There are 2 protein chains.
Amino acid sequence: MNAAFTLPPAAATAGSAVSASDACCRLCKAFAESQTAATRVGAGEEVFLEGEEADFVYRVEEGVLMSYRMLGDGRRQVVDFHLPGEFLGLEAGVEYSLTAQAVTPAKVVALGRRRLATLAADDVRLTRDLWSATVGAYQRSQDHAAILARQSATERVAAFLLSYARRIGAVRDMTLPMSRQDMADFLGLAIHTVSRTLTHLEADGLIAARSSRQVRLMRRDRLMALCP
Amino acid sequence: MNAAFTLPPAAATAGSAVSASDACCRLCKAFAESQTAATRVGAGEEVFLEGEEADFVYRVEEGVLMSYRMLGDGRRQVVDFHLPGEFLGLEAGVEYSLTAQAVTPAKVVALGRRRLATLAADDVRLTRDLWSATVGAYQRSQDHAAILARQSATERVAAFLLSYARRIGAVRDMTLPMSRQDMADFLGLAIHTVSRTLTHLEADGLIAARSSRQVRLMRRDRLMALCP
DNA sequence: CGCACTGTTGACGGTCCTCAAAACCAGTGG
DNA sequence: CCACTGGTTTTGAGGACCGTCAACAGTGCG
């Protein structure tokens with residue numbers, strides 16, 4: 001019985017490439033069988049708040065969400081964006097350590113943590129899924145920290161574009177659902193810097209922008225060269 | 001049976017304040033009963049390497065270690081320092097995502113992951129300990145990311161000094177076992193900036209330095225005021 | 001049209017990185 | 001004891017990068 005603590009190869013191959021959906025077989029099943037109706041949330045609405053008692057875990061059905069924390073000086077640190085199939089609130093303690101907010105209109109399904117714990121107690125594979133989803137989140141957090149620690153504005157923006165494109169499966173064209181401010185708070189930059197950097201990337205022909213949120217990746221190779 | 005997934009209040013109260021030893025009752029016991037002799041590692045020696053198969057979990061008995069990853073451009077990102085009583089390698093996938101290296105001469109005890117998994121399968125409290133230790137590491141990683149994203153050099157250094165003092169239980173005087181370069185790679189700064197910031201803090205009377213690694217916190221209040 | 005909001009652009013200044021050199025420290029060997 | 005060596009730490013000067021302030025453009029909506 002070593003399954004619970006040892007990750008399956010698939011979920012552990014690569015830091016930031018681990019999507020929560022890679023490790024959802026049992027976890028998805030638990031949601032599917034929970035009989036809970038999906039909840040609609042409008043853009044800007046919160047699903048749960050930092051500091052609230054963490055009674056539920058959520059799965060994104062539709063739309064895009066983001067999770068953030070407010071810092072002491074009133075600034076906001078966006079921790080991650082969450083796409084359909086991914087989970088929210090898994091790695092909370094008794095309280096949520098993050099606020100989860102809808103970026104676009106979205107649909108989420110809730111599952112009680114007590115119920116999930118009961119299920120996990122009888123199902124080693126579910127326990128393993130929970131474990132691997134949490135480990136994935138942890139490793140993504142470290143990738144993020146590494147970017148924030150050392151990369152320049154251009155590198156951060158390029159890394160973000162590529163990473164987001166990969167996550168939504170976009171090859172050339174994509175829609176960025178989040179505002180410039182959201183991107184800035186995710187990348188640890190000022191909104192002006194994000195904007196400037198994007199126009200600069202466009203001037204250099206690495207990307208093309210139909211509108212401010214419609215981006216086409218023109219030179220993926222050169223963008224990748226910017227992400228060491 | 002909701003114990004495995006729900007954290008006990010003690011372990012979840014505060015992000016960066018969660019020391020691994022807060023959540024070790026069963027986990028420590030597992031190590032104590034493992035009959036494995038402690039391994040000595042000299043300063044600078046590695047306990048495990050990024051990319052290696054993660055077959056063991058370690059507990060620090062003596063000394064200080066640090067974990068880091070190498071970035072694409074050859075830079076090093078120190079993820080954390082590890083004090084006696086804390087665990088290493090818990091949150092690994094099949095491979096370690098970090099390299100663990102001794103900062104000072106140290107003693108660690110190893111425990112096989114397969115063995116730990118076997119124990120955890122029969123012991124809900126142990127499973128909960130594993131969970132809460134991992135969640136703790138995740139939340140510390142996010143605290144760290146927030147600092148890297150937004151704080152100035154002075155704020156980073158002040159936060160580091162206070163956080164390290166708290167972890168080792170120092171009130172006024174403390175010895176920093178790590179080099180300036182280690183601190184710099186942890187804080188996402190150049191070594192020169194760390195050095196300059198420390199001399200500046202000393203000039204302002206917030207700290208006093210007997211030697212470069214012997215620091216006394218003179219004005220804890222003003223240091224804390226620097227950490228928003 | 002006016003208004004509110006989001007995004008872009010320019011000018012300027014501060015912070016922190018880079019480059020370079022000096023001071024300090026521990027250990028080694030003459 | 002002193003000179004020499006390799007390492008770490010400190011200090012200085014200069015400049016790039018990015019945040020701040022300010023103004024302007026674009027968009028959607030009443």
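We use all heavy atoms of the structure for the numbers below, so side chains are in, but hydrogens, waters and symmetry mates are not. Note that the structure is a prediction, hence the values are computed from the model and not measured.
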Original post:
Among side-chain atoms of Q181(B) and D185(B), is any donor-acceptor pair under 3.5 angstrom?
Top reply: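 Their side chains do contain a donor-acceptor pair, which is all the 3.5 Å distance test asks for.
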**OP:** On the 0 to 90° scale, with breaks at 30° and 60°, tag the Y96(A)-Y58(A) ring pair as parallel, tilted or perpendicular.
**Re:** tilted
Original post:
Mind checking whether Y164(B) and F160(B) have parallel, tilted or perpendicular rings, split at 30° and 60°?
Top reply: parallel
Original post:
For dT8(C), does either OP1 or OP2 sit under 4.0 Å from a side-chain N or O belonging to R196(A)?
Top reply: no
Original post:
Does T193(B) have a side-chain nitrogen or oxygen under 4.0 Å from the phosphate oxygens OP1 or OP2 of dC17(C)?
Top reply: yes
Could you tell me whether [X] contacts a base, only the sugar-phosphate backbone, or nothing, with contacts defined as non-hydrogen atoms closer than 4.0 Å?
{"X": "S211(A)", "answer": "nothing"}
{"X": "I191(A)", "answer": "nothing"}
{"X": "R213(A)", "answer": "sugar-phosphate"}
{"X": "L189(A)", "answer": "sugar-phosphate"}

When you get a sec, tell me which of [options] is the closest nucleotide to the side chain of [X]?
{"X": "A153(B)", "options": "dG19(D), dC16(C), dG7(C)", "result": "dC16(C)"}
{"X": "H192(B)", "options": "dT18(C), dG19(D), dT9(D)", "result": "dT18(C)"}
{"X": "R75(B)", "options": "dT18(C), dT9(C), dG19(D)", "result": "dT18(C)"}

Original post:
Is the CD atom of E53(B) crowded by more than 12 outside heavy atoms at less than 6.0 Å?
Top reply: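 No, CD of E53(B) has 12 or fewer neighbouring heavy atoms, counting only those of other groups under 6.0 Å.
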**OP:** Please figure out whether G188(B) or T199(A) has its closest DNA chain C nucleotide nearer the 5' end.
**Re:** T199(A)
When the distance from [atom1] of [X] to [atom2] of [N] is rounded to whole Å, what number comes out?
{"X": "L176(A)", "N": "dT8(C)", "atom1": "CG", "atom2": "P", "value": "11 Å"}
{"X": "R180(A)", "N": "dG26(D)", "atom1": "CZ", "atom2": "P", "value": "15 Å"}
{"X": "L201(B)", "N": "dT10(D)", "atom1": "CG", "atom2": "P", "value": "12 Å"}

